[in-house]
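Comments concern the structure below.
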Amino acid sequence: MIPKSLIHQIQSIRAEFENAFKILDQSSSFQSLLNGAANNFREEWRKLQALGSSPRFRRPCDGRIVCAIVGDSNAGKTSTLDELFPNLARRGWLITDTKDTTSQSLRIEFAAPDSPEATEVVVHSWGGAEIKKLAQAAAENKSPDIEIIYSEDGVVVDGTKWALGRKGLKFSSRQELRAFSDHRVTEAEAADPKFVRALTIKEESDNLESGAVLNSSSGSYNSLQLRAVVKDVTLHDGFERLAALGARKGEPADVSGLVFVDTPGLGTGPSTKDEVLSEILAEKSPQIVLQLLEDDELDIVLHLVLCGQQSHFSRLWQALVRERGRSETESLVRERLFVVVNGANRLFEEEALRRRWETKNAASEGDPFSISLRTNILQMMGSSDEVRPAGICFIDCIKHVSKGNASNYQAYYNEQKPRLTQALAPGGVGYETLRKLGLHEKFAQNIEALCDPDDRGQGFLIRELIEFVSHKGPAIFLKRHLVRTGLQAGLRQLRDLLTFCYDESGAVRDEAMAERLQQCLGFLLTPSSEHAAADGNGQFAGLEKFARTELDPMIDRLPVGKAADPLPTSSAPTFSRLLPRARVDEAWVGPAFRQMCAEMSRTLALRAGLTGSISEEFAVHFRRCTDRWAEQWGYDSARLPNPLERAQKTDRLVRHFLKLHAREMLYQLLLGGATAEHGVLEQSEAEKQQLATLMRTLTEAITLAEQLCREHSVSV
């Protein structure tokens, strides 16, 4: 699975990020700088803190790859799981005597057979936000006689009017849906078939009790409520069957890092068994997958489709595009989706497919693979173009072909094998379809596995997953834990924020920056022989000349009255907010000031001949000063009549103050006055050393993260 070395490297990177907050929370100098900083600086720090405490970031970095099994309720998902996880079937958790499965997912994780976790079953609830999101998804299609009342921790579904005149209702027409704490199933509950069936299938009403099924600290829940609020039922298995199927050269495969999530059927509409929650539960299957993606718990999608039947993935596709955007949805399908065609025997038994094995019929009507794969699945999955998933394979179940008799299964596929293999030869039925789909290289292996009664194509699927994870797993893992959590970007932002505050030795940068600025901006102190006497400014005559000749004309040209363009960016780290889009209103003074500062910064850097890191350092410092000046001098909060709306002289007033403040800014830059308000921050040598070490380790973590992304072709 995921190499342990990679897991440890990601864990070390994350540990450096977490450690930084502990150090900075205890750093007196940083807290002083933070308290005296401009609002945008504090906002950047709050964002970094939020990143470090986010659910995505806090999720364990344990190397597991989560595979969601998605398909219609009649696609044979439970039957397939029954054969892949025989121990769970024997324990009664995989019920195959009904097609109407319940509305939560089964999450199957590895646990060593003799471990305490082996028989552990945990029921997880959705949170209040997820329950409300489910209700909102169903709001458009619900009956007008059903009212949804939102509360802080969930919803109340009131169908009192809806229930009038309806007979045979098992449950109350008013159902409260709220979250509950994780429930660990007791031995008595696990041994009770009624409890298991109420939790895992939509039992017939005659076999149900309307009373409480599950009791928790949050209250009691009947089976109808559980269908709506349960996120998943987590089961544990030793994966012996998977390890044997994935074996190479007689060695069992390491599949302990895989997690399988069996989701409810995609194509199911409202069910009368769900009574007043019918419309809400009809939306739950796509919401489960959406929430897995939102929480970043989903790595691979296994789309199971019954051979000869059409895919209903388009419903999930539309929900994904609505929530995640088309490009992200297409990326998910292209990079992390496997199409699993179940019941391959139907290629020879379904009339619409059986007759297409004849060359004449295949030429005129399409071959069995073009119909079963392209027409019924790939062209039905939701995109305007034919979907190209990461993998395609055919599987079967022994109970479907021979009712559990391996000899009959083998005899059946020995008879059909010649038809399958002809698709591998040019001119054979199905050859062109498989070639266009890029399946020829793997299809021969799929045939051999499908015809083997001990494999049935299921082993081929597991081996394909293992190979896929071996090659693509590290990239998937890095994208989840480095990119999508925001960790990699957060590391850079945190490092830049610290280098903004401290020099390489860990000392507060203000004093060092003031000295460097005095050297770089020394030309402002050079008296002008032409104007020195007249100006009477002594050593600051050069400053006044620069302001009069360079800054005043620039201020006169400023397009005041509308929001200016965003401040120019550079490779240097920045923490100031971008300016809003151009508009005409009374909040035009702040943008005018910031536009002046941007022009002033560029002019000073050019006049001083600043290049490289010094130029970047100066740009960062100037922007920090800009934010402070804008806040202190009232530019950001100023509201004046806009000179573009009607004849006004407010632009003259603002230009006058801009010129005055431009000179003040030059004085402060020269004398360090922009940061003098903080006073001299006392730092111990121990703190300086600690901060210097922290900045070095953050840089090393950034370098390692970038190196890992390059090695595994992960774009940031």
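If you read the sequence from its start, that first residue is 1, and numbering goes on from there. Worth knowing before you read on, the calculation uses all heavy atoms, side chains too, and leaves out hydrogens, waters and symmetry mates.
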Do NZ/NE/NH1/NH2 and the carboxylate oxygens of [X] and [Y] come within less than 4.0 Å?
X    : Y    : value
R480 : E297 : no
K659 : D556 : yes
D627 : R594 : yes
R696 : E700 : no
E330 : R326 : yes
R56  : E294 : no
R663 : E544 : yes
D503 : K688 : no
R628 : E631 : no
D296 : R484 : yes

Does atom [atom1] ([X]) have a neighbourhood of more than 12 heavy atoms from anything else shown, all under 6.0 Å?
X    : atom1 : result
Q689 : CD    : no
Q49  : CD    : yes
F657 : CZ    : no

Expected output: side-chain [X] to main-chain [Y] donor-acceptor under 3.5 Å:
X    : Y    : value
R655 : L558 : yes
S601 : A598 : no
S314 : W317 : no
R59  : D295 : yes
Q493 : L48  : no
S331 : S327 : no
K132 : S151 : yes

Exercise for the section: List the steps, then state whether salt bridge (Lys or Arg N to Asp or Glu O under 4.0 Å) holds for E18 with R58. Expected result: CA-CA 10 Å; E18 293 174 319; R58 304 307 306 174; 2.7 Å; yes
Practice task
Please report the C-alpha distance between K133 and E130 in whole Å, then the side-chain angles of each, then the deciding distance to 0.1 Å, and finally whether the salt bridge (Lys or Arg N to Asp or Glu O under 4.0 Å) criterion is met.
Solution key: CA-CA 5 Å; K133 192 172 183 180; E130 288 75 28; over 6 Å; no
Out of curiosity, [X] [atom1] to [Y] [atom2], how far, rounded to the nearest 0.5 Å?
X    : Y    : atom1 : atom2 : answer
K4   : L6   : NZ    : CG    : 13.5 Å
L24  : Q31  : CG    : CD    : 7.5 Å
I476 : H481 : CD1   : NE2   : 11.0 Å
M600 : L669 : CE    : CG    : 6.0 Å
S12  : L704 : OG    : CG    : 5.5 Å
I2   : I65  : CD1   : CD1   : 4.0 Å

Measuring only between side-chain heavy atoms, which start at C-beta, is [X] closer than 4.5 Å to [Y]?
X    : Y    : result
V387 : R334 : no
N642 : T650 : no
K472 : E335 : no
L332 : L293 : yes
I148 : Q136 : no
C597 : M665 : yes
Y502 : S27  : yes
T626 : F622 : yes

Closest non-hydrogen atom pair between [X] and [Y], with its separation:
X    : Y    : answer
C61  : F477 : SG-CZ, 3.4 Å
L482 : A705 : CD1-CB, 4.0 Å
A390 : F338 : CB-CE1, 4.4 Å
P474 : S470 : CD-O, 3.9 Å
V155 : A135 : CG1-CB, 4.1 Å
L708 : Q9   : CD2-OE1, 3.3 Å

Practice task
Using the side chain to side chain contact (heavy atoms under 4.5 Å, CB included) rule, take L604 and F546 through it: C-alpha gap first, then chi angles, then the decisive distance, then the call.
Solution key: CA-CA 9 Å; L604 281 170; F546 177 80; 3.6 Å; yes
Exercise for the section: Let me see the working for W633 and H661 under ring pair (Phe, Tyr, Trp, His ring centres under 6.0 Å), right down to the final yes or no. Expected result: CA-CA 9 Å; W633 295 338; H661 279 132; 4.1 Å; yes
Could you tell me if [Y] and [X] have a donor-acceptor pair between their side chains, going purely by distance under 3.5 Å?
X    : Y    : value
W629 : Q668 : yes
Q287 : E283 : no
Q707 : E711 : yes

Practice task
Decide yes or no on side chain to side chain contact (heavy atoms under 4.5 Å, CB included) for Y667 and L524, but give the supporting numbers first.
Solution key: CA-CA 9 Å; Y667 278 100; L524 295 175; over 6 Å; no
Practice task
Go through the steps for C709 and E706 under the test side chain to side chain contact (heavy atoms under 4.5 Å, CB included), then give the verdict.
Solution key: CA-CA 5 Å; C709 288; E706 292 173 347; 5.8 Å; no
Handout entry: Step-by-step side chain to side chain contact (heavy atoms under 4.5 Å, CB included) determination, I288 to W126
Key = CA-CA 10 Å; I288 283 177; W126 266 354; 3.9 Å; yes
Problem - Ring-face cation of R14 near F57 (centre distance under 6.0 Å, axis angle within 45°) - result: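 Yes; both conditions hold, so R14 lies above the ring face of F57.
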Exercise for the section: Please report the C-alpha distance between R64 and D299 in whole Å, then the side-chain angles of each, then the deciding distance to 0.1 Å, and finally whether the salt bridge (Lys or Arg N to Asp or Glu O under 4.0 Å) criterion is met. Expected result: CA-CA 9 Å; R64 293 191 294 183; D299 300 304; over 6 Å; no
Handout entry: Derivation of the ring pair (Phe, Tyr, Trp, His ring centres under 6.0 Å) call for W45 and F21
Key = CA-CA 10 Å; W45 176 244; F21 291 98; 5.3 Å; yes
